[in-house]
Structures are given as C-alpha cells and as structure tokens.
A.B. asks: 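Before anything else, here's the structure in question.
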Amino acid sequence: MALRVYNTLSKQKEDFQTVQPGKVSMYLCGPTVYKPSHIGHMVGPVIFDTVKRYLSYNGFDVTYVINITDVDDKLINRARENNTSIEALAAEMSEDYFDCLKTIGVDTVDEFPRATKYIGEMQKIIGRLVESNKAYPLNGDVYFEVTSDDDYGKLSRRNVDDMLAGTRVQANDQKHNPADFALWKGAKEGEPGWDSPWGRGRPGWHIECSAMSMKILGESIDIHGGGLDLLFPHHENELAQSESCTGKPFARYWMHNGLMQSADASKIGGAHDASGDAVPDQQSQEANKLAGSLGAESVKTAVFAKFAPETVRFFLLSTHYRSPIPLSEDSLVDTGKSLEGFYRLFDAYERVTGHSFYDIGAATSRDQTVSLDEDPADFFGELSHLRDRFLQAMDDDFNTGGGIGVLFEMRKCINGFVVQQKLDAGGSTDEAAIAAWATAMTLLKELASLLGVFRQPQETSGPTDDAFAGQLMDLIIEVRAIARKDKQFDIADKIRDGLTALNVTLEDRPDGTDWRRE
RNA sequence: GGCGCCGUAGCCAAGUGGUCUAAGGCAGCGGAUUGCAAAUCCGCCAUCCCGGGUUCGAAUCCCGGCGGCGCCUCCA
C-alpha cells in the first residue's frame, strides 16, 4: 500500500507525491523563544521527527526545518521585564528548546533558522507584493491586501465576509479591509527595528515563515506543518502572501497536529499568558490549575523531572497526530507502566544472549528489512504479519497509535516464543531458537526506531541506586537464598515483604534473584 | 454569528462501508507457572452517545438531537 497523507488543503487523505522525486522538504512552524518550552512545544517536533523517520525509511531524502522566532512582541516585553536584551533572552530560551528536543529524541532536524537572519528575504517578498499592488504601505506599516488574492481563505475554509461577522475585529483604522494583515510593522519608540523602504520597523508575524521556507527549501515545498491553532490566521496568511508573491503552490501538503489539552479538555497554554488583557474566568483558571505544573510550566522541570522522556514521547505518539492529546499525570503514569514490559524483555534478552537490545543494528530502510524467510515458520510468520500491519498503519497517514498497538502485540508474540522455547529458564543452549529470538528483536528494534523509541537505555537509576546499595542488595539476596534453600520461607518472605515496603521488588528466577526499585 | 473537530469498554486508544459480536495498553477477574510471590504466558472483560435514514450490509455515509472541544485574540 502506498503512503497516504491527510492534507488540510484538500481535507482528505492523498497519495504522497513529492515535488521532486525521492526528495521531501518539510517545514515546521517553531516556537517564539521568550520563555522555557512547555510540553506543548514538543508535540509538533516529535510528530514531524517521526514523519521524517518514516519517510526516510521509505527511501526519501528528507530535509526538516523548524524555525525559531526571535523577534516578536512577547519577546520584546519579556526582555524588558527581565531587564535583559532580546538577543540574550532568545539565545537562552532557544538553548532550552534545543535541550528539550534532544531529551525527547528529536534529532532529525536539519536546520533551525532564526527570523532575524532573514529580514532581508522578508523585505524582498514584501517589496514584490507592494510592487504588484497586493500589499500597501500605511502609516509606516505594510499590509497585505486580502481581496487581491481571489482564493484567500482556501486553507482554513473561510471567506472574508463571513469572518468579519461577529468577530471582535475593530472596524478601526484605515486598512482597506479589516482582514488585511501586517507584513511589516513600523517601530514605535524604543522598539527594535530594521531599516526598510517603508521605514524603520519589524516584520509581521507571518512573513518570516514565508521567507525562510522559500529561501531554505524552495518556493514550493512538500510538507508544511504546525499545530492546528496555526491554521488560521498564520498559515492562511503565510500561504496567501507566498503564493501571491511567487504564483506557485507554496506547500503541497499542509499537516496540522492536534493540540495538547489538560484532562478536562481545556487547552494548555492558552490566553492566560498572552497579552495580559484577557481576563481569565474562574473556570479556565481552574483548568489551568489542573493542567498546572504538567502543561503550563517548563517541560524540563514539570515533566522530564518526573517522567522518563521516552514515556513522554510514547505518550505523544499513542494518539493520532491530528487528534487532541489529553494530558494528565495519570495517562503518563499508565504509559510508563505499559513500557515496563518492553524493558523487561530487553533485560531478559541481554541476560540470555549477553547482547544489549540497544546495540542491535536494525535496518533503516524498508528495502532492507529483516528477513523472516527461514524457520521456525510459525513464529516468523506471525512476526511478518505484525510487520505488515505496523507498516500499513504508518502508511495510512502516520497512524502511530495503531503502530504502537502492533508493537505491543509483537512484544507478546516474542514473550510467548521465549516461554514456549524455555529460553529464559536458565542456560538454554538451543542456538536456532536463540537466533530466532535475535531476529525478532532486530525487527522490533527496526520498527521502534521508526517511532524514535527504544534507542537508548533509559536512566532509571535513582539517587540511592549506587554501588553501596547494590552491594547491600547482593548481601540480602544471598542471605535470603540460604534461607530459601533451607526452606525457611518465613524468613525469606519477611525479607521480601520488608523490601516491598521499601519499594524494592524481588524476582526469583531459576538462575538467581533479580531486584528492582519501583 | 462564521468556520471546524470530537463522542468506541472503569480509564487511555486503533479502526471510518463487509475479514468488526471492534486492535492494543492501564486497571480488574480466572488459569498455567512459582514454596509463596514477582515476571511471563493463556483465557475473560464493548454491538461503538441517542433517534431516524441510505444500503444486500454502518461504529464507519446522510439528517436531526444531546454532550464535549477548537479557531475567528501574534498560543506549538
């Protein structure tokens, strides 16, 4: 089955056809770097990182760009409040953003262009629009003339007339049409600015993405992504100004991810931290409180400090990317629990074979997927079927949730094989069976890598898991083993119960006793 | 007022015209295994918000309700 992608522009899934054969250009709207990243900032990058992994696996040469907005009102205000420069604040907050991306396993991004480095490009576009009468200067600003674009509104499916009815748009100023939007904003007293043919000022919100996308990836790109909240007005305006400038389709596929919401379905982030003149009502304050530390605050301190980054990534990918993601502490806890079975499987594999799952070199292209032709036929036959289902899910508009389900089934299938072949019962020498196990693990690694998970061991060691604790546990286990050998089960159980109370779980295996902290 | 989305088991969630009396996870309940546990395996656990309609056939399409949500505010 061919890859199909949902396109916001057509409102349907389309066969994936690139502008240039074998190449994919992908642009994701990134953050305004004025405060530490919250978990919502991770959603898009993780999704499109996964998209890139899957496209690469399918043989495409993908270029993935995320922009950094480093000039903006929020940035200006925040820098002023903090008594720092815009540059310093932007630098600090982009570092925070990059750290977070790295932590959550987003490492496929090719370039993070900064808006302030492309002012010249933006001015070129604005100049062309003004020349062709699709934009007009007004009191130091420059506005895009929406009525000059006959298909304005095609992305978000609205027309200018409908839009104005009932909005809070002030019938203000002298704009030709209230829906006209700023390409260039004249600098007020004390604001940063750049010289331009229309006076000193700074770019409007949308123009930076047009400029960077065109300059870095070309006038027509394959995928333009972003959160659903950006659909209007940001993407609509970006599209309008870009196509009005070049006369070419700006992006082939518009992909929009659902937004993260707190458990009671209120959006995280939201108007509360915006301009400050929005007065949050009591209910939304409550909602914000629920989202609380998890959603609204720095993802580093609120989320990564409590949950393994891999758990967070898995959680983000377990819902379809176009759906809202209901965030709650409980759902992250559940996700974490659901992953433990994988980690135990990896442990068992290493215990028996001496090889780490994380060292397995799996295929990175669909053409070179692991061969499942040899015996034992039943086991490999099932694995092969699971692989097909995984790829089918991913082929269908990157259905990572469906793919994750298949991964769980694969885990069960492999565990079943291990039990059936008694591979983990201590000292198995069945080389053919162990080889089959290794093959299965290679496949699991291959598919998990497409989601960007199970790439590295998770740091599970807590502060007390030091060498001393290990030595103590070795001693306790040894003493308990003697008790068990002598059938002094009351003693053995007292030890185990005592450890349980300390959140230490013992596992008696045929070949010894393992322990872990919960 | 305009544009749009969603409603699947206790919870999360895939499936969007037939293989669906519906994948998978968490929780729960039986069983195997174990000295007992833990882990693992096997089994059980939903007719898809409600009412009409289209169709040989609908969770899936259409209409109408009810419920939830988003955008129209430079929030990813």
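Throughout, a chain's letter reflects where its sequence line sits, starting with A, and its residues are numbered from 1.
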A.B. asks: When rounded to the nearest Å, what value does the distance between C1' atoms of B:C72 and B:C48 take?
C.D. replies: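 Between the two C1' atoms, the distance is 33 Å.
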A.B. asks: Which part of the nucleic acid, if any, lies within contact of A:R202, taking any heavy atom under 4.0 Å across all strands shown: a base, the sugar-phosphate backbone alone, or nothing?
C.D. replies: nothing
A.B. asks: With a 6.0 Å cut-off on ring centres, are A:H206 and A:F181 close enough?
C.D. replies: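 Between A:H206 and A:F181, the centre distance is under 6.0 Å.
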A.B. asks: If you take the centroid of each ring, where Trp contributes its six-membered ring, are A:F346 and A:F454 closer together than 6.0 Å?
C.D. replies: yes
A.B. asks: Return the nearest nucleotide to the side chain of A:D229; candidates are B:C72, B:A76, B:C3.
C.D. replies: B:A76
A.B. asks: What string of B, S and - do you get for nucleotides 26-35 of chain B, 5' to 3', if B is base contact, S is sugar-phosphate-only contact and - is no contact with any protein heavy atom under 4.0 Å?
C.D. replies: SS-------B
A.B. asks: By the 4.0 Å heavy-atom rule, please label A:D72 as base, sugar-phosphate, or nothing.
C.D. replies: base
A.B. asks: Taking B:G35 as the reference, what is the distance to B:G43 when you measure between their C1' atoms (whole Å, please)?
C.D. replies: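 Their C1' atoms lie roughly 26 Å apart.
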A.B. asks: I want to verify a distance call: between B:C5, B:C69, B:U40, whose nearest atom is closest to the A:Q261 side chain?
C.D. replies: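 When the side chain of A:Q261 is considered, B:C69 is the closest of B:C5, B:C69, B:U40.
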A.B. asks: Under a 3.5 Å cutoff, is there a donor and acceptor pairing between the side chains of A:S156 and A:R158?
C.D. replies: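 The answer is yes; a qualifying pair exists.
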A.B. asks: Measure from the side-chain heavy atoms of A:L230 and tell me the nearest of B:U40, B:A76, B:C5.
C.D. replies: B:A76
A.B. asks: Does a nitrogen or oxygen in the side chain of A:K487 sit under 4.0 Å from OP1 or OP2 of B:C36?
C.D. replies: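 Indeed not, no polar side-chain atom of A:K487 lies that close.
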A.B. asks: Please state the P separation for the pair B:A38 and B:G24 - nearest whole angstrom.
C.D. replies: 23 Å
A.B. asks: Need one value for A:L506: base, sugar-phosphate or nothing, where a base atom within 4.0 Å counts as base even if backbone is also close, heavy atoms only.
C.D. replies: base
A.B. asks: Regarding A:T319, tell me which of base, sugar-phosphate or nothing describes its non-hydrogen contacts under 4.0 Å with the strands shown.
C.D. replies: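 Answer is sugar-phosphate: A:T319 comes under 4.0 Å of backbone atoms only.
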A.B. asks: So what does A:G416 touch, heavy atoms closer than 4.0 Å: a base, only the sugar-phosphate, or nothing?
C.D. replies: sugar-phosphate
A.B. asks: Rounded to whole angstrom, note down the P distance from B:G70 over to B:G31.
C.D. replies: 47 Å
A.B. asks: Please report, to 0.1 Å, the donor-acceptor pairs under 3.5 Å made by any side chain of residues 490-507 of chain A, with sequence neighbours excluded.
C.D. replies:
unit_1: A:T500; atom_1: OG1; unit_2: A:R496; atom_2: O; d: 2.8
unit_1: A:T505; atom_1: OG1; unit_2: A:E518; atom_2: OE2; d: 2.7
unit_1: A:E507; atom_1: OE1; unit_2: A:R509; atom_2: NH1; d: 3.2
unit_1: A:E507; atom_1: OE2; unit_2: A:R516; atom_2: NH1; d: 2.3

A.B. asks: For A:S37, check side-chain hydrogen bond (donor to acceptor under 3.5 Å, both in side chains) against everything at least two apart and list the hits.
C.D. replies: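 Checked A:S37 against side-chain hydrogen bond (donor to acceptor under 3.5 Å, both in side chains); zero matches.
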A.B. asks: Before you tell me yes or no, could you show the steps for A:Y97 and A:E92 under side chain to side chain donor-acceptor pair (under 3.5 Å), namely the whole-Å CA-CA distance, both residues' side-chain angles and the distance that decides it to 0.1 Å?
C.D. replies: CA-CA 9 Å; A:Y97 180 66; A:E92 185 190 342; over 6 Å; no
A.B. asks: Considering every strand and a 4.0 Å limit on heavy-atom distances, what is the contact class for A:T32: base, sugar-phosphate, or nothing?
C.D. replies: sugar-phosphate
A.B. asks: Between atom CD in A:E340 and atom C1' in B:A38, what is the gap in whole Å?
C.D. replies: 12 Å
A.B. asks: Within the structure shown, what part of the strands sits under 4.0 Å from A:E409 by heavy-atom distance: base, sugar-phosphate, or nothing?
C.D. replies: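 Sugar-phosphate only.
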A.B. asks: Would you mind classifying the nucleic acid contact of A:H320 as base, sugar-phosphate or nothing, using non-hydrogen atoms under 4.0 angstrom?
C.D. replies: sugar-phosphate
A.B. asks: Distance check, P atoms only: B:A23 and B:A59, in whole angstrom units.
C.D. replies: 14 Å
